[in-house]
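Remember, predicted model here, so these are calculated numbers, not experimental data.
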Amino acid sequence: MKLNEIPQEELYQDSLACAGCSAVLAVRLTLKALGRNTIFVVPANCISVVSCYYPQAPFQVPMFVMAFAATGAAISGISAGLKRKGVEHINVVGFAGDGGTADIGIQSLSGAIDMGYKFIYICYDNEAYMNTGVQRSGLTPRGAVTSTTPRYEERPKKDMLRIVAAHGIPYAATACVSFPLDYIQKVQKASQVNGPTYIHVLAPCPPGWGFEADRSIEVGRLAVRSGLWDLVEYEKGALRTTYRPGRRAPVADYFAAQSRFRNLSKDDIEAIQRDVDARHAKR
């Protein structure tokens with residue numbers, strides 16, 4: 001796919017999101033990949049908050065706001081209902097944040113994958129509970145300051161790709177809004193799978209991460225090019241990298257671009273760099 005092949009039609013627009021919100025960009029790209037024959041399920045998160053002010057209607061497709069813990073159950077049930085009616089051309093998409101996926105919604109997601117119905121579950125990962133005050137989630141990375149980890153988070157984030165892969169899921173992938181063609185292609189690929197699929201897209205958050213609103217794409221690229229966020233896909237039991245930076249940027253560059261890593265010492269940064277280098281050396 002080339003950039004000029006992306007559909008111009010906008011099926012999500014004019015939301016009340018923060019300036020530079022890449023979660024909104026992830027929704028726009030998802031709908032450009034899937035088109036109008038799509039049903040969205042959104043739990044309590046930033047997207048539901050900025051999309052549900054009457055008479056504003058940024059979604060141009062059906063959208064259901066679901067209980068925080070129930071995204072997986074809702075998309076599984078909708079998919080089962082469509083199957084019962086013989087409807088096969090509708091994309092059922094769950095779009096939940098990191099807290100609603102890795103913490104509050106993980107049981108529902110696990111059960112939905114086990115049921116085996118056709119859907120796309122997308123975790124937009126801004127690495128904390130941004131909607132309620134930047135509290136730590138299970139996907140907050142090591143070193144990040146949040147309102148509940150005022151020094152910084154000391155544990156690494158959960159590896160959700162391997163967690164869903166352990167379920168025997170037919171297709172799963174990671175993505176980043178800063179690499180839109182890679183993301184769109186993965187969403188389109190997921191839509192062609194007759195079963196549950198999972199996409200984990202990194203979505204930099206200007207107010208939560210502490211950078212200027214016009215730097216969202218730049219910060220996302222640094223995450224990937226530093227090796228702190230990998231673009232991969234899992235299919236037929238195998239993991240494949242879809243993008244490799246020609247030369248990795250130092251993790252220090254990524255940390256320096258955001259105020260949330262302000263409490264990391266030089267020794268902390270060097271230790272994280274060694275971990276990243278060791279992980280990539282095994283590939």
Aromatic ring pairing Tyr254/Trp209, orientation class (parallel under 30°, perpendicular over 60°, tilted between):
perpendicular
>> Pairing donors with acceptors under 3.5 angstrom, does anything connect the side chains of Ser79 and Ser76?
In response: no
#### Entry: Test log, rule ring pair (Phe, Tyr, Trp, His ring centres under 6.0 Å), inputs Phe40 and Phe59
CA-CA 9 Å; Phe40 251 69; Phe59 276 95; 5.2 Å; yes
| query | With a 4.5 Å heavy-atom cut-off, do Ile269 and Val251 have their side chains touching? | reply | yes
Quick note, side chain to side chain donor-acceptor pair (under 3.5 Å) partners involving residues 112-122, not counting sequence neighbours, are Thr101-Tyr121
CZ (Arg155) with more than 12 external heavy atoms under 6.0 Å: no
| request: Classify the side-chain pair Gln60/Tyr12 by whether it contains a donor and acceptor separated by less than 3.5 Å. | output: no
Exercise for the section: Decide, yes or no, whether a salt bridge links Glu9 with Lys32 under the criterion of side-chain N to carboxylate O below 4.0 Å. Expected result: no
Between the side chains of Asp268 and Arg142, is the shortest nitrogen-to-carboxylate-oxygen separation below 4.0 Å, so that they form an ion pair?
no
_Any side-chain to backbone donor/acceptor pair from Thr30 onto Ala26? Under 3.5 Å, distance only._
yes
Out of curiosity, does Val219 fall in the hydrophobic cluster containing Leu139 (side-chain heavy atoms, cut-off under 4.5 Å, transitive links)?
no
| said: Would you say CD of Glu212 has more than 12 non-hydrogen atoms from neighbouring residues, nucleotides or ligands within 6.0 angstrom? | reply: no
- Task: Classify the ring geometry between Phe179 and Tyr243 as parallel (under 30°), tilted (30 to 60°) or perpendicular (over 60°).
- Result: tilted
Here the salt bridge (charged side-chain N to carboxylate O under 4.0 Å, His left out) pairs for residues 86-108, sequence neighbours left out, are Asp103-Lys158
So CZ of Arg215 and CD of Glu218: to nearest 0.5 Å the spacing works out to 4.0 Å
